[in-house]
Amino acid sequence: MTFQAPKGTFDWMPPRSEWALAVREGLSAPLRRAGYGYIETPTFEDTALFSRGVGESTDIVSKEMYTFESRGGQSLTLRPEGTAGVMRAVLEHGLQGGPLPVKLWYSGSYFRYERAQAGRYRHFSQVGAEAVGAEDPALDAELIVLAADGYAALGLRGVRLLINSLGCKECRPAYRAALQEFLRGLDLDEPTRRRVEINPLRVLDDKRPEVRAQLTGAPLVTDHLCGACKAYHEEVRGLLSAAGVAYADDPRLVRGLDYYTRTTFEFLHDGLGAQSAVGGGGRYDGLSEMIGGPALPSVGWALGVDRTVLAMEAEGLLGERPRHLDVFAVPLGEEARRRIFPLVSELRRAGLAVDMAFGGRGVKGAMKAADRSGARYAMILGDRDIEAGAVQVKDLTTADQTAVPLAEVVDVLKGKVS
Ligand code: HAM
């Protein structure tokens with residue numbers, strides 16, 4: 001019997017896996033330069049952290065969580081997102097008592113039991129950032145600029161930014177009521193009518209054409225913002241423009257998590273089909289209180305690593321990333337293997353990239369492996385070389401071959417490569 005990766009999951013395999021690493025590195029580098037510290041939290045948390053933090057009425061909590069009972073009888077859930085866990089850790093470690101904002105970044109695996117399709121997986125990977133404990137439009141703008149810079153550094157040109165404000169606990173209730181009143185007058189099926197009562201903003205996000213057609217006259221959140229939210233949003237927009245980051249206003253942008261307040265945003269890429277969001281985030285001023293902490297206004301985002309690689313592929317950016325190898329060692333026989341093995345280790349310790357032929361292949365097979373390896377030099381050792389106290393160094397680009405005394409080969413190769 002053989003096994004396959006579970007539905008909705010896949011393996012990152014070389015050489016493509018190099019791009020997953022490059023994306024994680026490329027998206028996190030701007031954060032590290034901006035003072036964000038690295039945080040790792042557990043892959044599973046108390047189930048209630050997500051039901052209270054992300055929200056009972058969201059698809060994520062109501063349909064998509066991988067929840068299980070531990071042997072000790074506790075309900076645990078594989079994290080569907082990173083923000084709730086980061087906030088839990090900040091509160092648990094009392095960081096809110098120190099200098100604010102606490103700026104953190106993370107990278108890891110997330111789990112949602114979604115309908116699997118291209119770009120939508122049940123196990124996916126994000127790079128995320130959270131700035132906890134400050135209400136300052138410059139912080140919202142900083143995060144958005146850092147995400148845009150990350151995409152740009154990867155060479156992506158087709159990432160679009162949509163922004164919106166969802167208001168605060170002062171102005172959102174009146175908007176919610178106005179929207180509900182509008183939605184109750186529409187011709188909607190039963191599940192959607194129920195959604196109108198529980199989470200009316202999510203109905204604005206309905207993709208079905210028959211629903212979309214009826215939403216044209218829906219009240220817009222941006223027309224219901226209080227003075228403070230309006231001013232805050234204007235300030236964020238102004239800072240983005242000043243930093244040269246292009247955006248489009250989308251008053252219908254709602255996000256799939258309940259904790260958002262004020263600034264929300266999404267990065268889209270048009271080369272991905274239906275799953276066009278490569279990243280998203282926003283302000284979540286109430287999350288800390290929702291999970292039992294003090295008031296801690298915060299903002300953050302998460303960018304999808306898998307979808308970012310797909311976006312790079314759509315833009316033709318996934319060219320060859322040649323494996324960099326300086327030397328490929330070819331031992332011909334057991335004695336040669338014994339002699340060459342310490343040389344390989346020594347060359348590696350000297351900083352060279354070195355591989356060797358394994359599995360006792362003959363000369364032909366081993367030389368083929370050397371050619372395929374992409375190395376600059378082959379270091380070949382046979383019985384006659386051992387007798388002569390030398391090793392053959394072959395330049396694999398020119399095919400020139402010279403005998404070098406065994407005792408000198410490390411220095412000779414170091415000299416050639418540097
Ligand atoms: P999110 O919009 O649910 O936000 O996810 C962020 C990004 O993760 C998406 O834009 C997408 O690129 C990627 N993603 C999400 N689900 C999947 C999936 N099933 N397959 C592949 N990629 C996926 C959050 O997770 C929030 N925690 C972001 C945040 C941080 N807000 C404030 N701070």
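Heavy atoms only: backbone and side chains are in, while hydrogens, waters and symmetry mates are out. Just so you know, ligand 1 is whichever comes first in the structure, and atom 1 is the first atom listed for that ligand.
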Legend entry - Validation row, ring centre Y121 to ring centre F10 under 6.0 Å: yes
Inset, instruction - May I ask you to check whether Y106 and Y38 place their ring centres under 6.0 Å from each other? - result: no
Inset, instruction - Verify the distance criterion only: is there a donor paired with an acceptor across the side chains of Y259 and D285 at less than 3.5 Å? - result: no
Inset, instruction - Ignoring hydrogens and angles, state whether a donor on the side chain of T77 or T67 is under 3.5 Å from an acceptor on the partner side chain. - result: yes
Between [X] and [Y], does any side-chain N to carboxylate O distance fall below 4.0 Å?
{"X": "R16", "Y": "E313", "value": "yes"}
{"X": "R88", "Y": "E45", "value": "yes"}
{"X": "R112", "Y": "E81", "value": "no"}
{"X": "K394", "Y": "D400", "value": "no"}
{"X": "E315", "Y": "R157", "value": "no"}
{"X": "R208", "Y": "D206", "value": "yes"}

Which protein heavy atom lies closest to [atom], and at what distance to 0.1 Å?
{"atom": "atom 15 (C) of ligand 1", "answer": "F124 CE1, 3.5 Å"}
{"atom": "atom 26 (C) of ligand 1", "answer": "Y259 OH, 3.4 Å"}
{"atom": "atom 30 (C) of ligand 1", "answer": "T83 OG1, 3.0 Å"}
{"atom": "atom 12 (O) of ligand 1", "answer": "A277 O, 2.9 Å"}
{"atom": "atom 22 (N) of ligand 1", "answer": "R307 NE, 3.5 Å"}

Legend entry - Side-chain heavy-atom pair L287, T83 within 4.5 angstrom cut-off: yes
Legend entry - Region of E130 engaging ligand 1 - heavy atom pairs below 4.0 Å: side chain
Inset, instruction - Heavy-atom distances under 4.0 Å are what count here, so tell me which part of Q126 touches ligand 1: side chain, backbone, both or neither. - result: side chain
Inset, instruction - Return yes or no for this condition: an N or O of G279 is under 3.5 Å from an N or O of ligand 1. - result: yes
Looking at ligand 1, does [X] have a heavy atom less than 4.0 Å from it?
{"X": "G128", "result": "no"}
{"X": "D306", "result": "no"}
{"X": "Y110", "result": "no"}
{"X": "G119", "result": "yes"}

To which of [options] does the heavy atom nearest [atom] belong?
{"atom": "atom 29 (C) of ligand 1", "options": "F111, Y121, Y260, Y284", "result": "Y260"}
{"atom": "atom 3 (O) of ligand 1", "options": "R112, R255, E81", "result": "R112"}
{"atom": "atom 13 (C) of ligand 1", "options": "A311, A116, G304", "result": "G304"}

Inset, instruction - Considering the heavy atoms of G281, write down every atom of ligand 1 situated less than 4.0 Å from one of them. - result: 31 (N)
Legend entry - Proximal atoms of ligand 1 relative to R120 (non-hydrogen, under 4.0 Å): 19 (N), 20 (N)
